[in-house]
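The structure appears below as structure tokens.
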Amino acid sequence: MECKKEFQTDRKKEMMAVHDAMDVLNGKWKIYIISSICHYNKRRFTDILNDVVGISNKMLSKELKELELNKLVERTVLDTHPVTVQYELTKHGKTLQTIINNLTDWGIRHRQEVIGKS
């Protein structure tokens, strides 16, 4: 049995879309960072650093820059002394909220399934 040409083309487009999404969200920390910002709407650098256990200042800075380049996070420098930097999801970044919520729900159910704890 052969796949229809249209099906193969559509499937390749779908796989490319998954590849693109994973390329943007790839890495140990990006989902955690997005989740932190998503949950609180606006977060300061140190707040994210405290939320994401194990991440270094340097790595958080690198990951935030990549998320900015991909138009998922917006950085705002507040006119305070000392200077405060605040991060929030862009309109495009907020489209990930459903994915983050679904991952959270799935993670809770998975933990219950595997070890019986919440």
Side-chain angles (χ1 to χ4, degrees):
M1 181 166 127
E2 280 187 47
C3 290
K4 294 180 181 176
K5 192 112 176 137
E6 303 84 43
F7 178 81
Q8 289 176 338
T9 303
D10 289 346
R11 187 65 190 138
K12 284 182 182 180
K13 286 180 184 177
E14 289 172 359
M15 291 304 291
M16 182 53 85
V18 170
H19 174 78
D20 291 346
M22 292 306 297
D23 191 46
V24 171
L25 301 173
N26 190 23
K28 184 175 180 178
W29 307 109
K30 285 192 179 86
I31 296 292
Y32 294 113
I33 295 166
I34 292 167
S35 180
S36 174
I37 299 169
C38 191
H39 184 75
Y40 293 98
N41 294 321
K42 294 182 182 182
R43 297 297 275 163
R44 293 178 304 157
F45 185 90
T46 53
D47 295 331
I48 300 169
L49 195 62
N50 291 332
D51 268 357
V52 182
V53 177
I55 194 170
S56 68
N57 285 5
K58 185 177 178 180
M59 182 57 72
L60 177 56
S61 181
K62 175 190 166 293
E63 297 287 61
L64 284 166
K65 284 177 186 173
E66 287 180 18
L67 290 168
E68 280 183 86
L69 284 172
N70 283 293
K71 301 183 180 196
L72 298 175
V73 170
E74 184 174 51
R75 180 181 189 264
T76 304
V77 179
L78 303 175
D79 190 19
T80 59
H81 188 72
V83 172
T84 303
V85 178
Q86 186 172 272
Y87 295 89
E88 63 184 304
L89 295 179
T90 62
K91 183 178 179 182
H92 180 57
K94 288 178 183 176
T95 63
L96 291 168
Q97 193 149 15
T98 302
I99 294 168
I100 296 297
N101 292 341
N102 287 341
L103 269 174
T104 302
D105 293 343
W106 185 89
I108 291 167
R109 287 191 310 273
H110 177 69
R111 179 175 289 270
Q112 291 170 341
E113 178 71 25
V114 173
I115 60 175
K117 294 182 182 178
S118 51

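Residue numbers count from 1 along this sequence.
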Do the charged groups of K65 and E68 touch, with an N to O distance under 4.0 Å?
no
Using the six-membered ring wherever Trp is involved, compare the ring planes of W29 and Y32 and label them parallel, tilted or perpendicular (cut-offs 30° and 60°).
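Answer is tilted, since the angle falls between 30° and 60°.
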Least distance between heavy atoms, [X] atom then [Y] atom:
X: I48; Y: R43; value: CG1-CB, 3.5 Å
X: K30; Y: V24; value: CD-O, 3.2 Å
X: L67; Y: I34; value: CD2-CD1, 3.8 Å

How many angstroms lie between [atom1] in [X] and [atom2] in [Y], if you round to the nearest 0.5 Å?
X: T80; Y: R44; atom1: OG1; atom2: CZ; value: 9.0 Å
X: K12; Y: H19; atom1: NZ; atom2: NE2; value: 15.0 Å
X: Q86; Y: I37; atom1: CD; atom2: CD1; value: 10.0 Å
X: L72; Y: L64; atom1: CG; atom2: CG; value: 11.0 Å
X: I100; Y: T95; atom1: CD1; atom2: OG1; value: 10.5 Å
X: K13; Y: D20; atom1: NZ; atom2: CG; value: 13.0 Å

Decide whether [X] and [Y] are clustered together by the hydrophobic rule: side chain heavy atoms of Ile, Leu, Val, Met, Phe, Trp, Tyr closer than 4.5 Å, transitively.
X: F45; Y: V83; value: yes
X: I31; Y: Y40; value: no
X: V77; Y: V73; value: yes
X: I99; Y: I108; value: no

Side chains of [X] and [Y], heavy atoms from C-beta outward: is any pair under 4.5 Å?
X: D47; Y: S36; result: no
X: H39; Y: D51; result: no
X: N101; Y: Q97; result: yes

Between T90 and K71, is there a donor-acceptor pair closer than 3.5 Å when you use the side chain of the first and the backbone of the second?
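Answer holds: yes.
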Counting N and O atoms only, with roles assigned by atom type, does the side chain of N50 sit under 3.5 Å from a partner on the main chain of T46, one being a donor and the other an acceptor?
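It does hold such a pair.
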